[in-house]
Amino acid sequence: MADKTDADRIKEVYKLCKGHFGDVRFVGLKYHSKIGWVSKAQFNSDEVGNLTADGKTSTEALRNLRNRIKKIIKRYNGV
């Protein structure tokens with residue numbers, strides 16, 4: 001089995017967001033010199049806006065974003 005790539009992780013976050021929040025504008029990743037890697041999910045609705053997470057590596061940033069989204073979904077479903 002091949003290792004997961006960051007592209008696979010971005011697709012996973014996109015599917016997670018699409019399934020719960022609806023209309024997703026984009027899920028992306030970029031390097032910021034002062035912060036490190038930043039992953040971002042941006043939505044078309046003003047209700048959610050965007051969610052970001054950072055990490056020392058690109059993979060860590062995407063994992064942090066996925067975990068943050070999962071926590072929001074869990075909290076939302078618990079209400």
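Every value quoted in this text rests on a predicted model; they were computed, and no experiment measured them.
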Tabulate below the donor-acceptor pairs under 3.5 Å that side-chain atoms of residues 19-31 make, not counting sequence neighbours, or state none.
unit_1	atom_1	unit_2	atom_2	d
D23	OD1	N44	ND2	3.4
D23	OD2	N44	ND2	2.8
R25	NE	N44	OD1	2.9
R25	NH2	N44	OD1	3.4

>> Starting from F43, can I reach V38 by hopping between I/L/V/M/F/W/Y residues whose side chains sit under 4.5 Å apart?
In response: no
> Stepwise, does the side chain to side chain contact (heavy atoms under 4.5 Å, CB included) test hold for N64 with S39?
Replying inline: CA-CA 8 Å; N64 290 343; S39 57; 5.9 Å; no
> Near K11 NZ, under 6.0 Å, is it more than 12 heavy atoms from other residues, nucleotides or ligands?
Replying inline: no
Could you pull out every donor-acceptor pair under 3.5 Å between side chains of residues 51-63 and any protein atom, sequence neighbours left out?
unit_1	atom_1	unit_2	atom_2	d
T57	OG1	E60	N	3.0
S58	OG	D6	OD2	2.5
T59	OG1	D6	OD1	3.0

> Mind checking what makes side-chain contact (heavy atoms from CB on, under 4.5 Å) contact with K70, not counting sequence neighbours?
Replying inline: L16, R66
